[in-house]
Amino acid sequence: MFQLSQLQPFDSENSHLVRLTINEADREIAWQQAQHHSNPISRYNAYLNGACLNAVLNWLSEWLAGEAFPQPSVWHSQDISSIWEVVNGTAIQIGDTRLVLIPSDEGDLEELCVPQEWVDIPNWSADYYLPVQVNLDGDEDECWMEVCGFATHRQLKNEGTYSAGDRTYALPTKELTQSLVVMQITLGLNLQAEVSPLASLSDLKATELLHNLGNSSVYSPRLIVPFEQWASFLANDECRQQLYNQRLGIIQEPAPSEMIQSQANLLQRAKNYFQAGWQMTDEIIEKLGIFDPNLVFAIAGSEAYRYGGSSSQKGIPTLLDLLHDRNKGNQLRAADLLGRVEPGNVEAISALTNLLKTTKDDDVRCQAAVSLGKLDPKNSAAGVRIGKIIELTIRLDTVRVLLEITLLPEGSDQTNVYLRILPVRSKTLPLNLEVIVLDEDGELLWEEQADSDTNRFQNDFSGTIGDYFQVKVAYQEVSITEDFTI
């Protein structure tokens, strides 16, 4: 266990508090980096956060030495400036545990005052919040920072005073847990209260917010628009970086339609293949009753929900619960069925958007994106899935497989292509079936051959709009080639 004496207590009356020296080198680096912000308030906020960061990391590293915890790291260190431009605070990650430092240069720190973003944005919220009193006005030996205890997320949500004026949660410092040893003992416990998922933000609204908030003369963009919109915008890494860039004049503001153009083109490009025999994959599944071993729900169940319950809200909570089930099949089923409720359903859109941000499974990600595309076609994360039955006739025998292509947007001009070949009315693909994918130069991208247990082929790759590739499906001496342009 870490000894309290190593935490540098600064006086005998408050030996549970920690005071650390901020050296001149750290202050100088923080000052130089702070110049990359749009206005005096943002620059000073970045300076205040940056000046004390190195001292805290060194202290935490020493504090955790010998303990079974990962070393601390700065959350979003690669784009931390985009956060400091608009919000006070720095998140530090220790494995799955997150601390948020809230620095202040007030002479007598009487309360912990946490911006709402660090509390109510699901992927920003932390386990612990530490008020840090900072003095940068003295000589080198007189520049210091003091950690004044901590509060948990649950404590802030349940006991903190919310101020709508500046959108903060506040707790008096006397109500904080003063001993940091308590925090060390509880590291790894779930100390967060429940936070509502963010609503989906359309690309058109994101563009509007970028236009309205990108002016550097707007010193507090976080207070200009409703929090629900601001939170969804800020939680999107791409939107936040675009806002930072625009406020610094690094890039020009995109045209109002530019951010939604890519997704609109994605859907239109997919529809262009309908004349060549491609269909939405759902239509093929419903027509032929294809069994996909990775989609473990019955088509009949999907049909019953579509025609018997699509307008009812009673099934939604159960499906939302299933999205977080540990069973992949249940997640896939819930994601698919949510795509069959009425278009524009806010709760379903929000749940699918959140799933896209949290899942690490490619199948679940694709299904969530495709379902999102059905409910909110202009959503920047929406995908589209099309398929085509490939028939390979050898003498009197015909082999049928489904060639399925899912297109997922990646930024303004990149598209992820998720390609699968699935059996039709069978659990496995035909033995020795081959797939060959070539790029526009004839270079091999992917090649695979089925054995007796192969239940599907799948692969993914990225390309830009206009990139061309070929998919060749071969069985014995027969083959069919499909051309595709992203």
* Has Trp31 got more than 12 heavy atoms of other residues, nucleotides or ligands less than 6.0 Å from its CH2? -> no
* To do: Kindly say whether Leu356 contributes a backbone atom to a donor-acceptor pair with the side chain of Arg365 at under 3.5 angstrom?
  => no
* Is it the case that more than 12 heavy atoms not belonging to Asn158 sit under 6.0 Å from its CG atom? -> yes
* Quick check: does any side chain N or O of Arg98 sit under 3.5 Å from a backbone N or O of Asp127, one acting as donor and the other as acceptor? -> no
* Structure fact -> Tested for side chain to side chain contact (heavy atoms under 4.5 Å, CB included) against Tyr219, the lone hit among Pro40, Ser42, Ser38 is Pro40
* **Any side-chain heavy-atom pair of Glu117 and Leu234 under 4.5 Å** => yes
* Asked: Do the rings of Tyr162 and Tyr169 sit parallel, tilted or perpendicular, given the 30° and 60° boundaries?
  -> tilted
* Asked: Do side-chain atoms of Ser202 reach the backbone of Lys205 as a donor and acceptor pair under 3.5 angstrom?
  -> yes
* Walk me through it: do Tyr244 and Val86 pass the test side-chain contact (heavy atoms from CB on, under 4.5 Å)? => CA-CA 9 Å; Tyr244 171 77; Val86 291; over 6 Å; no
* Heavy-atom side-chain proximity of Trp144 to Leu20 below 4.5 angstrom -> no
* Without swapping roles, check the side chain of Asn49 against the backbone of Asn45 for a donor-acceptor pair under 3.5 Å. => yes
* Can the ring centroids of Phe469 and Phe461 be said to lie less than 6.0 angstrom from one another? -> yes
* To do: Would you verify whether the NZ or CZ of Arg222 falls within 45 degrees of the ring axis of Trp230 while also being under 6.0 Å from that six-membered ring's centre?
  => no
* Quick one: do the Arg385 and Gln367 side chains pair a donor with an acceptor below 3.5 Å? -> yes
* Asked: Any donor-acceptor pair under 3.5 Å linking the side chain of Thr152 with the backbone of Gln155?
  -> yes
* Asked: Are the side chain of Arg27 and the backbone of Leu136 linked by a donor-acceptor contact shorter than 3.5 Å?
  -> no
* Asked: Hey, are the side chains of Leu355 and Gln331 touching, using non-hydrogen atoms and a 4.5 Å cut-off?
  -> yes
* **Spatial distance of atom CD (Glu175) from atom CG (Leu112) [nearest 0.5 Å]** => 11.0 Å
* Can you list the steps and then say if Ser125 with Val119 is a side-chain contact (heavy atoms from CB on, under 4.5 Å)? -> CA-CA 5 Å; Ser125 61; Val119 180; 5.9 Å; no
* To do: Please round to the nearest 0.5 Å and tell me the distance separating atom CG of Asn39 and atom OG of Ser216.
  => 6.5 Å
* Can we say Asp363 and Arg456 salt-bridge, meaning some charged N sits less than 4.0 Å from an Asp/Glu carboxylate O? -> yes
* To the nearest 0.5 Å, what is the distance between CZ (Arg247) and OG (Ser82)? -> 12.0 Å
* Would a distance-only check, ignoring hydrogens and angles, find a side-chain to backbone donor-acceptor pair under 3.5 Å from Thr97 to Gln93? -> no
* side-chain contact (heavy atoms from CB on, under 4.5 Å) between Leu180 and Val182: does it pass, once the steps are laid out? -> CA-CA 5 Å; Leu180 296 175; Val182 176; over 6 Å; no
* To do: Apply side-chain contact (heavy atoms from CB on, under 4.5 Å) to Trp118 and Tyr129, showing your working.
  => CA-CA 9 Å; Trp118 291 116; Tyr129 299 85; 4.0 Å; yes
* Asked: Any salt bridge between Arg340 and Asp336, counting N to O under 4.0 Å?
  -> yes
* Glu194 atom CD: more than 12 heavy-atom contacts under 6.0 Å -> no
* To do: Enter the distance from Cys143:SG to Glu24:CD here, rounded to the nearest 0.5 Å.
  => 8.5 Å
* Measuring from Asp376:CG to Thr353:OG1, what's the distance to the nearest 0.5 Å? -> 7.5 Å
* **Donor-acceptor contact below 3.5 Å, side chain Trp84 vs main chain Gly89** => yes
